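These numbers were taken from a predicted model, which means no experiment stands behind them.
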Amino acid sequence: NILVLCTGNSCRSQIADGYLKHFAKGKANVYSAGVETHGVNPNAIAIMKEDGIDITHHTSNLITEYLEIDFDFILTVCDNANENCPVFPGNSKRLHFNFPDPAKAKGSDEEIKKEFERVREMIKKYCMDFVQNYV
């Protein structure tokens with residue numbers, strides 16, 4: 001069981017959720033949540049679709065929905081989530097990487113899209129490495 005945790009469960013954790021499920025090929029149960037919920041960002045859905053992964057069915061969930069699950073890994077993908085992650089019972093291994101928030105990108109539509117692509121590629125590599133090392 002893997003939990004991906006971010007602030008609003010709208011971009012980075014949703015992208016990581018999609019890639020972890022893709023690379024793990026059914027060998028892991030992947031959940032994503034936020035310390036708050038902001039809804040799934042339409043730009044995250046679009047950028048993942050460009051890479052052949054459909055996250056349109058994803059929902060934005062609160063961390064409190066998953067407190068009863070025994071997680072093997074908790075992956076925090078932003079500093080805020082790392083600092084505000086509740087303690088889970090059991091022996092879950094926590095890993096942290098502070099990815100930039102593409103939802104905060106400013107500029108033209110093309111500049112914002114480029115930032116979503118850049119962050120997507122960072123998360124894709126992180127998830128591929130994680131699955132190769134731990135799943």
Side-chain angles (χ1 to χ4, degrees):
N1 288 328
I2 302 166
L3 174 65
V4 186
L5 184 63
C6 198
T7 300
N9 193 219
S10 69
C11 289
R12 295 165 286 186
S13 54
Q14 295 289 347
I15 292 169
D17 182 317
Y19 280 125
L20 288 168
K21 287 175 181 166
H22 175 74
F23 293 129
K25 296 179 175 39
K27 294 183 202 160
N29 298 313
V30 180
Y31 304 82
S32 67
V35 293
E36 26 187 90
T37 59
H38 297 167
V40 182
N41 186 299
N43 288 326
I45 293 170
I47 210 71
M48 290 300 283
K49 191 168 280 196
E50 283 185 11
D51 202 27
I53 296 176
D54 181 9
I55 63 168
T56 57
H57 62 283
H58 285 201
T59 56
S60 188
N61 300 85
L62 277 173
I63 185 67
T64 53
E65 296 175 47
Y66 301 126
L67 294 177
E68 301 301 316
I69 296 174
D70 186 19
F71 287 105
D72 299 292
F73 294 95
I74 297 173
L75 310 179
T76 52
V77 293
C78 72
D79 285 344
N80 182 51
N82 189 43
E83 293 160 10
N84 292 293
C85 182
V87 174
F88 282 84
N91 295 320
S92 57
K93 181 172 174 123
R94 281 185 55 174
L95 301 172
H96 174 66
F97 192 96
N98 186 42
F99 292 101
D101 187 354
K104 292 184 176 170
K106 304 278 188 234
S108 68
D109 288 348
E110 187 58 32
E111 289 167 323
I112 292 169
K113 183 176 188 272
K114 288 255 185 264
E115 180 63 2
F116 268 86
E117 289 171 342
R118 183 180 80 84
V119 174
R120 178 194 65 196
E121 293 306 308
M122 292 171 69
I123 295 172
K124 181 178 184 177
K125 182 184 182 327
Y126 178 86
C127 291
M128 189 181 306
D129 290 347
F130 175 85
V131 169
Q132 287 175 346
N133 290 315
Y134 296 107
V135 178

If you measure from the Lys or Arg side-chain nitrogens to the Asp or Glu carboxylate oxygens, is any gap between Lys114 and Glu110 under 4.0 Å?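 Glu110 and Lys114: salt-bridged.
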Verify same cluster id: [X], [Y] (apolar side-chain graph, 4.5 Å):
X     : Y     : result
Ile74 : Val30 : no
Phe73 : Ile69 : no
Met48 : Val77 : yes
Ile63 : Leu75 : no

Can you check side chain to side chain contact (heavy atoms under 4.5 Å, CB included) on Ile55 and Asp17, steps first, answer last? CA-CA 9 Å; Ile55 63 168; Asp17 182 317; over 6 Å; no
Where [X] and [Y] come nearest, the two heavy atoms and their spacing:
X      : Y      : result
Thr76  : Asn82  : OG1-OD1, 3.3 Å
Ile112 : Gly107 : CD1-O, 3.5 Å
Met128 : Phe23  : CE-CZ, 3.6 Å
Pro100 : Met122 : CD-CE, 3.7 Å
Pro102 : Val119 : CD-CG1, 4.0 Å
Ala44  : Cys11  : CB-CA, 4.1 Å

Between Val135 and Ile2, does a side chain to side chain contact (heavy atoms under 4.5 Å, CB included) hold up when you go through it step by step? CA-CA 10 Å; Val135 178; Ile2 302 166; 4.1 Å; yes
Does the salt bridge (Lys or Arg N to Asp or Glu O under 4.0 Å) test come out yes or no for Asp109 and Lys113, once each step is laid out? CA-CA 6 Å; Asp109 288 348; Lys113 183 176 188 272; over 6 Å; no
Looking at [X] and [Y], would you say the former's side chain and the latter's main chain have a donor-acceptor pair under 3.5 Å?
X      : Y      : value
Asn61  : Ala33  : no
Asn41  : Asn43  : yes
Gln14  : Thr59  : yes
Gln132 : Asp129 : no
Arg12  : Phe99  : yes
Thr56  : Ile45  : no

Could you give the distance from [atom1] ([X]) to [atom2] ([Y]), rounded to the nearest 0.5 Å?
X     : Y     : atom1 : atom2 : value
Leu3  : Tyr31 : CG    : OH    : 9.5 Å
Asp70 : Asn91 : CG    : CG    : 8.0 Å
Thr7  : Asp79 : OG1   : CG    : 9.0 Å

Evaluate the ring planes of Tyr126 and Phe97, with Trp represented by its six-membered ring, and classify them as parallel (under 30°), tilted (30 to 60°) or perpendicular (over 60°).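 Rings of Tyr126 and Phe97: tilted, as their planes differ by 30° to 60°.
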Chi angles and distances behind the side chain to side chain contact (heavy atoms under 4.5 Å, CB included) call for Tyr19, Val131: CA-CA 10 Å; Tyr19 280 125; Val131 169; over 6 Å; no
Pick one: which of Arg120, Glu121, Glu115 meets side-chain contact (heavy atoms from CB on, under 4.5 Å) with Ile47?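 Answer after filtering Arg120, Glu121, Glu115: Arg120.
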Is there a side chain to side chain contact (heavy atoms under 4.5 Å, CB included) between Leu95 and Phe130 once you walk through the steps? CA-CA 10 Å; Leu95 301 172; Phe130 175 85; 3.6 Å; yes
Report yes if some heavy atom in the side chain of Val40 is under 4.5 Å from a heavy atom in the side chain of Ser10; otherwise report no.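 Val40 does not reach Ser10 side chain to side chain.
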Could you check whether any side-chain heavy atom of Lys93 comes within less than 4.5 Å of a side-chain heavy atom of Tyr134, counting everything from C-beta outward?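 A side-chain contact under 4.5 Å exists here.
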Any luck finding a side-chain donor-acceptor pair between Asn84 and Asn80 under 3.5 Å?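 A pair is found: one side chain offers a donor N or O, the other an acceptor, under 3.5 Å apart.
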Would you kindly say whether Asn9 and Thr37 are connected by a side-chain donor-acceptor distance under 3.5 Å?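 No, because no side-chain N or O of Asn9 sits under 3.5 Å from a partner of the opposite role on Thr37.
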